[in-house]
Amino acid sequence: MNDNEFKDILRAIGNEPVPDDVRQLAQKASQQFDQQLQSFGRPGVREVLMRSPFAKLAAAAVTIAAALIAAVVFTGGRASFAEVLDTFLAARTATFKVEMTGPGIPSEEFEGMFAEPGRMRSSRPGGPTVIADLEQGVLLTLIPQLKQAVRLNMLNMPDSPGDINIFEEIRRRLSRGRDLDDSDVVFLGEKELDGHKTVGYRVSVRKADLDATVWADVETKLPVRLEICTGSVTVSMSNIAFNVELDESLFSLEIPEGYEVRELQRDMSEPIEADLIESFRIWAVHMDGGFPSKMDRSAVNEFMQRQQKKMKDKGVEPTVEDITALQQVIIDMTRGFPFVESLGPDADLYYTGASVKFGEADKPILRYRPKGSQTYRIIYGDLSVRDATADQLPK
Amino acid sequence: MKHSERVELFNRIRARYAIFLTSVLWKLAGDRELFAEAMQYTLFEMWQRIDKLRGDDAGAYLYRIALSANSKAWRNRVGKNGRINADLLSPAPGQDEALARREMARVVRRAVAELPAQQSQAIVMRYLEQHDYDAIAEKLNCTPASARSHVSKAMATLKGRLAKLTERE
């Protein structure tokens, strides 16, 4: 198809009139939304939330933020958490420090900068600088010591890619709780923190396997420290400053002169079961037919350490092409594992892959129960998948 | 902002942009079920981001909300099992032309839904809404030359996406 034919199709779409029944549909959607608005926080809105990729965490955040607001109302006179939220949500820019910790993963610490729309820069002393631009769908890593740049093109970006822009993700979660009135909060009192007199709240939502602590400045109402636990990972945000002047060049995606550039691709859409199976396949192919020792984030480290050892054992310095190829393999291999994290506590997940070899058709490596399903899905060593009722599960 | 003020502002903006949103979402979706879902997402995001819809650039921001809502609706519909027929790009002789064009439009709509936000906005404004480059530049807050560049880049990406969609078969 040539350009003109292509443009003609686009123009033809643009010239299509809106049918009358579609106008009625629009009105109906509007009326339905009004009904949901009247019962905000009830199932209607929750259903909308649950469709999003970060549905579970977001839903938990709804409860958290609502609980925080409710706590302020309950305790009276203290800082209005709604005000705290408003300032946080309306920030054009921010600088902060992030620390991520969890069992089985190396703790990670970086200085972060955020700027609207959807841009984030993170850096570690003596380490690489990472610039994420969600609008452009690009994650650029600059390694000054090696004069190398890795440009990751993110395809099928979801609306809330929290792994990429953690500030935006925390903000998104908090924003969803502004008008709800659930509560499950403990007031932690007041204390000096980072030179501020602060008031603290702890929220624990066991059902969602998530808890959060927020300390806000008594005078300015701004969050001073924030800690959110998601699964086994704890994200702590401190040294937070809002609406500071940040030069646009800090978020530039231009490659500095003299840098060698490598291009990688990552599919950012929500992973499904087929992606998990593909991750297992890639793992087995590159790990001598085995499967991960554990089904958590430590699997990535296990994979990387083995690959590094393999390269070292070869006794030959890897080329840039070798490293780029390995990075792409790691990106592809990690794509499916978040599917496991998305299943939630009711999935009755059980992983037995550590002792199974690729191709063993009678040995299960993982089983789970999809949401709302009476039966289980069992993935076997040959990566076939079968359904089973509870009483048919392998012992 | 008080809840009552928020509701009032939301209703005002919704009334002002109702025709625009219906038109844009219909052109992007071309399917009643998708359209209804995208409209729900749009209204929800408008409610969530009402603070950003108060200024002069509300229209431009609504564009982004609508395009994002449309993408989300398409993602829910298509999932990983969407089927695109490679033959649609070059219909076989004798194939009903109207049907082929309708199907082709569906493929193009899906590809538009997968574009990065700014590119999809550029392509929608230029070809679906048929704005000139000055108007696009105003909405995208850039120069007409940059607007032209955005549209051109979006066209190239769109063609690439179409090729990939057909390759998946």
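Naming convention: chains lettered A, B, ... in sequence-line order (proteins, then strands); numbering from 1 in each chain.
Only the side chain of A:Glu116 comes within contact range of chain B, with at least one heavy atom under 4.5 Å from a heavy atom of that chain. Neither the backbone nor the side chain of B:Glu129 comes within contact range of chain A; no heavy atoms are under 4.5 Å apart. Using a 4.5 Å cut-off between heavy atoms, B:Arg126 makes no contact with chain A at all. Within the 4.5 angstrom heavy-atom criterion, only side-chain atoms of B:Ile123, from C-beta onward, approach chain A.
Between chain B and the options A:Pro19, A:Gly137, A:Ala274, heavy-atom pairs under 4.5 Å are most frequent for A:Pro19. Taking chain B as the reference chain and counting heavy-atom pairs below 4.5 Å, the highest number among A:Val18, A:Val22, A:Leu25 is found for A:Val22.
The shortest heavy-atom contact between B:Met155 and A:Lys7 is CE-CG, 3.7 Å. Scanning both residues, A:Gly14 and B:Lys27, for their nearest heavy atoms gives O-CE, 2.9 Å. Between B:Pro116 and A:Glu135, the closest heavy-atom pair is CB-O, 3.9 Å. Closest heavy-atom contact between A:Pro17 and B:Trp26: O-NE1, 3.4 Å. Residues B:Ala36 and A:Ala29 share a closest heavy-atom pair of O-CB, 4.5 Å. Summarising the geometry of B:Thr22 relative to A:Ala26, their closest heavy-atom pair is OG1-CB, 3.6 Å, with the distance given to 0.1 Å.
For A:Glu16 and B:Arg109, the salt-bridge test passes: some basic side-chain N is under 4.0 Å from an acidic carboxylate O.
By the 6.0 Å contact criterion, CD1 on A:Ile255 is enclosed, its count of non-hydrogen atoms from other residues, nucleotides or ligands being greater than 12. Annotation for B:Arg32: atom CZ counts as buried by contact number, over 12 foreign heavy atoms lying within 6.0 Å.
Within the model, atoms OH of B:Tyr127 and CG of A:Asn15 stand 13.5 Å from one another, a figure rounded to the nearest 0.5 Å.
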Enumerate donor-acceptor pairs with a distance under 3.5 Å from any side-chain N or O in residues 136-153 of chain B to protein atoms, sequence neighbours excluded.
{"unit_1": "B:Thr143", "atom_1": "OG1", "unit_2": "B:Ser146", "atom_2": "N", "d": "3.1"}
{"unit_1": "B:Thr143", "atom_1": "OG1", "unit_2": "B:Ser146", "atom_2": "OG", "d": "3.0"}

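Side-chain atoms of B:Val112 and A:Ile13, non-hydrogen and from C-beta on, never get closer than 4.5 Å to each other.
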